[in-house]
S.K.: 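Please find one structure pasted underneath; my questions will follow.
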Amino acid sequence: MERTLAIIKPDAVERNIIGEIVKAIEGEGLVISAMKMLHLTKKQAEGFYYVHKDKPFFDSLTDYMSSGPIVVMVLSGENVIERWRKLMGATDPAKAEEGTIRKRFGLNIERNSVHGSDSPESAKYEISYFFNALEIVR
Ligand code: CMP
């Protein structure tokens, strides 16, 4: 059993498609073990994405991620990091496979509707950024 962090990003929350995305997650048999809605400050978004701090898109990304509410979730299951990444699709919605969440809902490479941890190490950091042990309930 593995855990990963999933985020429904501001572009998706704003368009009222939280339910569509949750439906896709549950439809794939991924288990939601924790869930909450937050509105990050710019500083909190910078802390979450610190690994990208030297990238040219960092300032725009953290402006966007603090522009409106997000939904953060812990997902659990066998091989869930890879399964959630496959369900999300490629970072750039234009390059994502048919049927993936980013293909269906993503607007562009930045406003790509969802986030997922890319390794067990980042999952550990990212989950602990948003949740304490008492909040992860299954
Ligand atoms: P995410 O999977 O959350 O990880 C980093 C985020 O940065 C990514 O999704 C996009 O939202 C954003 N991103 C990645 N590459 C680019 C890019 N070339 N231009 C703008 N934003 C990007």
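Start at 1 and go down the list; that is how both ligands and their atoms are numbered. When a residue number appears, it is its place in the shown sequence, counting from 1.
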S.K.: Taking the inter-plane angle between the rings of Tyr50 and Tyr125 on a 0 to 90° scale, is it parallel (under 30°), tilted (30 to 60°) or perpendicular (over 60°)?
M.R.: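 Correct class here is perpendicular.
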
S.K.: Do you see a donor-acceptor pair shorter than 3.5 Å between the side chains of Glu110 and Ser60?
M.R.: yes

S.K.: Has the side chain of Arg102 got a donor or acceptor atom that lies under 3.5 Å from a matching backbone atom of Ser113?
M.R.: no

S.K.: So between Lys9, Met65, Lys55, Arg102, whose heavy atom ends up nearest atom 2 (O) of ligand 1?
M.R.: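 Going through Lys9, Met65, Lys55, Arg102 one by one, Arg102 has the nearest heavy atom to atom 2 (O) of ligand 1.
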
S.K.: For ligand 1, does Leu61 get within less than 4.0 Å through its side chain, its backbone, both, or neither, judged by non-hydrogen atoms?
M.R.: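 It is the side chain that touches ligand 1; the backbone stays farther off.
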
S.K.: Considering only protein heavy atoms, which is closest to atom 10 (C) of ligand 1, and at what distance to one decimal place?
M.R.: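 Nearest neighbour among protein heavy atoms for atom 10 (C) of ligand 1, to 0.1 Å: Ile109 O, 3.2 Å.
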
S.K.: Can you say whether the rings of His52 and Phe57 are parallel (under 30°), tilted (30 to 60°) or perpendicular (over 60°)?
M.R.: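 Tilted, since the angle between the ring planes falls between 30° and 60°.
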
S.K.: Heavy atoms only: which of Tyr64, Phe57, Phe58 lies closest to atom 14 (C) of ligand 1?
M.R.: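 Considering heavy atoms of Tyr64, Phe57, Phe58, the nearest to atom 14 (C) of ligand 1 sits in Phe57.
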
S.K.: Indicate whether any N or O donor in one side chain lies under 3.5 Å from an N or O acceptor in the other, for Thr62 and Lys42.
M.R.: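 Yes, Lys42 and Thr62 have a side-chain donor paired with an acceptor closer than 3.5 Å.
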
S.K.: Which of the numbered atoms in ligand 1 are below 4.0 angstrom from a heavy atom of Tyr49?
M.R.: 1 (P), 3 (O), 4 (O), 5 (C)

S.K.: Test of understanding: with side-chain contact (heavy atoms from CB on, under 4.5 Å), list the residues that count as partners of Lys23, not counting sequence neighbours.
M.R.: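 Result, side-chain contact (heavy atoms from CB on, under 4.5 Å) vs Lys23: none returned.
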
S.K.: Consider every N or O of Thr91 and every N or O of ligand 1, then say whether any pair is closer than 3.5 Å.
M.R.: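 Between Thr91 and ligand 1, no N or O pair is found under 3.5 Å apart.
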
S.K.: Hey, is Ile7 touching ligand 1 through its side chain, its backbone, both or neither, going by heavy atoms under 4.0 Å?
M.R.: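 Near ligand 1, Ile7 shows nothing, with every heavy atom at 4.0 Å or more.
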
